[in-house]
Every structure is written in C-alpha cells, then in structure tokens.
Amino acid sequence: MAVARGSDLVCPRIIAKNPAVNLRSSVLAVPVGLVKLRVGKLGIRVQAIGNAESFQISESLEGSLGFDVMSEGELKEKGFMGLRKTKLVCTIGPACCSIEDLERLAAGGMNVARLNMCHNSREWHRGVIRRIKKLNEEKGFCVSVMIDTEGSQLHVVDHGAPSSVKAEDGSIWFFTTENFEGCRPFTVQANYEGFSEGIKVGDELVIDGGMATFEVIEKIGNDLRCKCVDPGLLLPRAKLSFWRDGKLVGKNHELPTLSSKDWSDIEFGISEGIDFIAMSFVNDADAVKHLKNYLSNKTPRSIRVLAKIESLESLHKLVEIVEASDGIMVARGDLGVEIPIEQIPTVQQKITYVCRQLNKPVIIASQLLESMIEYPTPTRAEVADVSEAVRQYADALMLSGESAIGSFGNKALSVLQTTSSRMELWSREENQQSGLHWHELGLSLPDKIAEQVCSRAVEMANKLGVDAIFVYTKNGHMASLLSRNRPNPPIFAFTDNDSTRMALTLQWGIVPLLVDLSDDVEANISKTIGLLKTKGMVKEGDALLVVSDDIPSSANPTVYQSIQVKTIV
C-alpha cells in the first residue's frame, strides 16, 4: 500500500511483531505487523494481533446490540460462512399485508419491504408501514421500507372488473380517457388524456409488455377502438405501450418523471419514516438530483433514492443516473417492452457491473419466479435466472407479484434464499473475484485512502481466512466499500445512526447493527465483541478483521482508518 505525500509515493515499512501468526489451522502462517502512516492530520493504522496478544473480553459490559433476529439465528445455526450475502426484497400486497404475513416474510429472510404506490390506498400503505415498524421494535427484526413511485406512464385506470379481465382473440375493445364508474363491457379507461396522440390506425397497443396485444382499427377523438390480436389478461393498473413496424412509439418523454401524485406519495413516505424511494421511469440524472435535494431540505432523516432503469433513455444515460442515485433497480419487465427481450440478459449484466464499479447497490427485479404466483414450485429456468443474478453479485433480488398477490409468497422467498445461498457458496469456491479492476471513486486523499484500506482489508480477510469483518462506521461509507469488494466472510457493520443501519439492509454481505459508539475505537471493539460473545455469536478461536472510520469528536482530531486482525480467547 502506498500513500502520496507531496509529489512522492512513500511505501510503508512493515515492522514484524509476530512473524508467524496462525489464525486458524487451515490458514498458512503469514508475517503480520504494524504500519502507521501520517498524511497531514490523517493516519492509517494496520495492526495484527495474534495468539501472543489475543483479544480479551471485558467482564463488565454496558449497552445493547441491535442485531436482527434472523441474522442472529442464521449465524448460530450456520456459522459465519453460512450467512446469506444477497439481500431479498418483497413487494407487499393483499396476499401478505397482515402482521402475521409480514412476520413470516421477515422470519423467512425479507430484508426490504417494497410498497408499490400504484396500488391500494394511502391508509392501506400506512397500516403496512406501521406493522413493519412494530415487528422491528417488538420482535427484533431489521426490515427497511421502500416506496415505489407510480411515475408518469400510460396505464389502465379501470377496465370494469375488480381484478383481471380476459381479452379474447378478435374481440373489440374501446380505450378511452372518459371517467366512468361501474362496469362497461370491453371498455378500458386510460390515465393520460393525450395517450392516443400521434397514434395511427394499424398501430399495436401492447398490454404489460405482451400480456395481450390489440390492433388500432379506429380513432374517435382522443379514444381508440381496438381489436384483440393476441389474447391475454388485462390486470389492474396494467401498463400500455404502442408499437409501429416493430418499433416502440415513444410517449413517456412527454410526461414528467414525478407526477403530482408521486410528490404527494413522497410527502406521505417522509411522514411515515421510510428508508428508500424507488423512482419509476427515470430518464436522466436531473430528476434524481432534484428529489435528493428536496429530501435533504425536507427531512433530517437520510432517505436513499433508487433509480429504476426501465426505459431506453435511461440506458443511454446509465452512468450519470447511477452516479446521481443511491442505488439502482433493474426493472426488467418494463425494460423488456422498450428493448428487444433477447438483450435483457446482457443489459442486466452491464447495469450490475456499472453499479458495482460506482459502488451503488443494485436490485434485480421483475419476473424472477413469475410462475410461483400460481404454482408452489418454480420452473428450472427461473431458478437458473435467479442463480445468474447471484453469480453476477447483484446486491438484492426482488419479488413482485409472487409475494404481493401470489398464493405461495413464503415459498417463493424460500426459493430465493436457498438458491442465493447455494450460488454464493459456488462463487466462493470458483473464486470469480480474481482479476477485477476497480474504477477509482475518491477525489480527495482521505477518500482514496479509504478505498485502498477497504480493498486491502478484503484481500487480507480472504487470504487469512478470517471468520468475519467488523466495521465501525457513522455513515456506512466504509461498509459499502467493503461490500463492493465482495469478501468471502460476512461484514458486520456497527453504527449508531439508525438511517445508516436501515440503508445497509440493501447492500450485499452486510449485517447492520445499531449500537452506541464512543470516540474510543478500542472501547467500541471491546464492547461490541463482548456483547456478541455473551450472545454466543462469537467464540474462542474466531478470527476477526476489524476496520474503522470512526472520527473522534475532540478538538484537533487525528483521523484513524485502521485494519486490525484479532482472535477471540
């Protein structure tokens, strides 16, 4: 590791303290020692403590450890390496909205609960959010809440039925913006008055990316009379798109990214203390920046903004959107309407790669286990699809209709959990991390040093075969940099900021813990390891790699970013 000092590069001299520390029987003895560098007021400390200076647990412990009961149980049952790294997002709907249903999902591994603001009333969403928070407080779960904005898109407002309605081959349907109540057979109400502008007789009207297809046979003012040429289902709030000569007729560019309803939903989310906002149909970075600025001025709570990649325009401006966002959702369903479906696999891989290079969490969404909406077991192709997303090191996988309206939501969640755990094990065995070169993110020297510290820490953790990485962090930045490197051992992120804790529920391999932290790094380490030992989650002989970005609040501080290796006795 080298650090710039003025115009020179200074390579630190390793001072061996214990040249043959054997952390565990399966790890080769390696030279370790103490490195201390100073650049202005910033110092880096790399310290290894082996058997001769093993870590002693304090007899008197104060404070509590905010440990998710699911992670705690999984750790006790499977050990450090058995902890699942890929996070799981569940869409909450009528099939899983009771407190009993939500507790089953949380116990089954749900890390993030997604609320789609396209559906249900605001009172319904409020009830779900408060039930999730109650479970977190009373049952010890750590489930964060995400709202997904409706976005400015063409969709069905009403089709005269409470649920889905079947469009038969050759049937004639009337698409209108006229407001009506009750049932009008073969009549569909669209949400946008100008939905038919620029549309010609002979164009195709496609429902939800191909669930059903109609041919426009007549224009009557702003309305369209259409013939069903590809029969299928019209679901509530189904999305509409128009095609001509095999190409999409673009219309979303005429609409704002966030509608007036979206802004009202965002205000609602702020008041309910949500953790994430997923923005639909983001076409450029400006919309993301605008929302982030609005949130920073509106609330002291840190609410992360995720951009949904679901349009051709968003792909053209992918890098700038990822840079502006706090994370990305790959909405493959809507994206598959705008680009040829055969391009979806390569586009998914590209988006995942860009997100990891820029250190932003990425969720793979839409139709992961679509057949499980109706059936108790997935297709083998769906399992392969899930496995590929895990192999690409996506941060999270998301269930949509499978959990929201399906009959087998808990089974679908179990499939995601077992499949991702098995694929993570295979990836470790295959060692797919070798040869990766990271885009440098930091502009300032401290930020560049933080990147190098985390990169070297993960390299050490993997080579030494430590059981876990502990990171002490205020804003989660060092934890996310460790996650970016996808280490073999799990990352335990200790923070005293609840917003940071909830944000880290979405990042690969991180187990976030809420704990009171002091300015004394060694005291924090002693306290947290002591609490874990009393809970039976660490034991004698466990090897831990410890990283910290804690900054003392005392006057004229020296900032330490440290790497330590400790064994428990």
Side-chain angles (χ1 to χ4, degrees), residues 74 78 81-91 105 108-112 114 208-211 232 308-310 315 328-356 361-436 486 488 506-509:
E74 195 174 23
K78 301 179 181 179
M81 289 301 176
L83 287 172
R84 170 176 45 84
K85 309 290 181 56
T86 308
K87 301 303 178 72
L88 306 179
V89 183
C90 296
T91 302
L105 289 175
M110 174 176 65
N111 302 108
V112 182
R114 168 184 175 252
D208 274 344
M211 289 288 286
K308 294 174 66 176
I309 303 299
E310 49 192 337
L315 292 178
I328 294 295
M329 183 189 294
V330 187
R332 303 183 303 179
D334 289 304
L335 190 58
V337 174
E338 302 228 344
I339 66 173
I341 56 174
E342 65 271 16
Q343 293 181 14
I344 291 295
T346 54
V347 166
Q348 172 182 310
Q349 185 166 358
K350 176 185 176 182
I351 297 171
T352 303
Y353 176 79
V354 169
C355 287
R356 195 163 163 209
V362 58
I363 304 170
I364 304 301
S366 305
Q367 302 174 335
L368 285 172
L369 301 172
E370 188 81 356
S371 69
M372 292 193 74
I373 293 176
E374 298 184 45
Y375 301 103
T377 56
T379 68
R380 280 37 176 182
E382 288 170 334
V383 173
D385 178 41
V386 170
S387 298
E388 176 59 17
V390 176
R391 190 194 68 80
Q392 293 172 6
Y393 289 101
D395 288 85
L397 308 173
M398 191 180 96
L399 296 176
S400 297
E402 302 96 326
S403 56
I405 60 174
S407 301
F408 307 99
N410 286 287
K411 288 188 176 181
L413 183 60
S414 177
V415 170
L416 288 190
Q417 184 183 47
T418 55
T419 302
S420 57
S421 295
R422 180 63 189 89
M423 199 64 191
E424 289 164 7
L425 174 62
W426 181 85
S427 295
R428 286 201 298 271
E429 293 170 350
E430 290 296 309
N431 191 25
Q432 296 183 19
Q433 298 286 2
S434 58
L436 289 176
R486 301 302 195 252
N488 291 334
L506 192 57
Q507 296 207 268
W508 189 97

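Throughout, residue positions are numbered sequentially from 1 according to the sequence presented.
Between atom CG of residue Leu397 and atom CG of residue Leu413 there is a gap of 10.5 Å, rounded to the nearest 0.5 Å. To the nearest 0.5 angstrom, Leu335 atom CG is 13.0 Å from Met329 atom CE. The CD1 atom of Ile344 lies 9.0 Å from the OG atom of Ser366; values are rounded to the nearest 0.5 Å. For the atom pair CD1 (Ile373) and OG (Ser403), the distance works out to 9.0 Å, reported to the nearest 0.5 Å. Taken to the nearest 0.5 Å, the CZ atom of Arg380 stands 10.0 Å off from the CD atom of Glu382. The line from CZ of Arg391 to OG1 of Thr86 is 13.0 Å long, rounded to the nearest 0.5 Å.
Residues Leu88 and Met110 form no side-chain contact, since every pair of their non-hydrogen atoms from C-beta on lies 4.5 Å or further apart. Looking at Val386 and Val415, their side chains never come closer than 4.5 Å, going by heavy atoms from C-beta outward. Looking at Asn111 and Val89, their side chains never come closer than 4.5 Å, going by heavy atoms from C-beta outward. Using a 4.5 Å heavy-atom threshold, the side chains of Arg422 and Trp426 count as touching. Looking at Leu315 and Ile351, their side chains come closer than 4.5 Å, going by heavy atoms from C-beta outward. A heavy-atom distance below 4.5 Å is not found between the side chains of Leu425 and Ser421.
In terms of modelled atom types and a separation under 3.5 Å, the side chain of Asp395 and the main chain of Ile363 share no donor-acceptor contact. The backbone N or O of Met398 sits nowhere less than 3.5 Å from a side-chain atom of Arg114 that would complete a donor-acceptor pair. Between the side chain of Glu402 and the backbone N or O of Leu369 there is at least one donor-acceptor pair closer than 3.5 Å. A donor-acceptor pair is defined here as one N or O able to donate and one able to accept, closer than 3.5 Å; such a pair exists between the side chain of Lys87 and the backbone of Gln507. Distance alone, capped at 3.5 Å, places no donor-acceptor pair between the Arg356 side chain and the Tyr393 backbone. With hydrogens and angles ignored, the 3.5 Å screen pairs a side-chain donor or acceptor of Ser387 with a backbone N or O of Val383.
Annotation for Glu424 and Lys85: closest pair OE1-N, 2.9 Å, computed over non-hydrogen atoms. Summarising the geometry of Arg486 relative to Ala394, their closest heavy-atom pair is NH2-C, 4.3 Å, with the distance given to 0.1 Å. When all heavy atoms are compared, the tightest approach of Lys308 to Ala331 is CE-CB, 4.2 Å. Taking all atoms of both residues into account, the shortest heavy-atom contact from Gly82 to Glu74 is O-OE2, 3.7 Å. For Gly409 against Leu399, the heavy-atom pair with the smallest separation is O-CD1, 4.3 Å. Closest of all the heavy-atom pairs between Ser420 and Arg84 is OG-CD, 3.4 Å.
Residue Lys350 qualifies as open at atom NZ: its count of foreign heavy atoms under 6.0 Å is 12 or below. Remark: Ile341 CD1 is loosely packed, at most 12 non-hydrogen atoms of other residues, nucleotides or ligands lying under 6.0 Å away.
Side chains of Arg332 and Gln348: a donor-acceptor N/O pair is present below 3.5 angstrom, by distance only.
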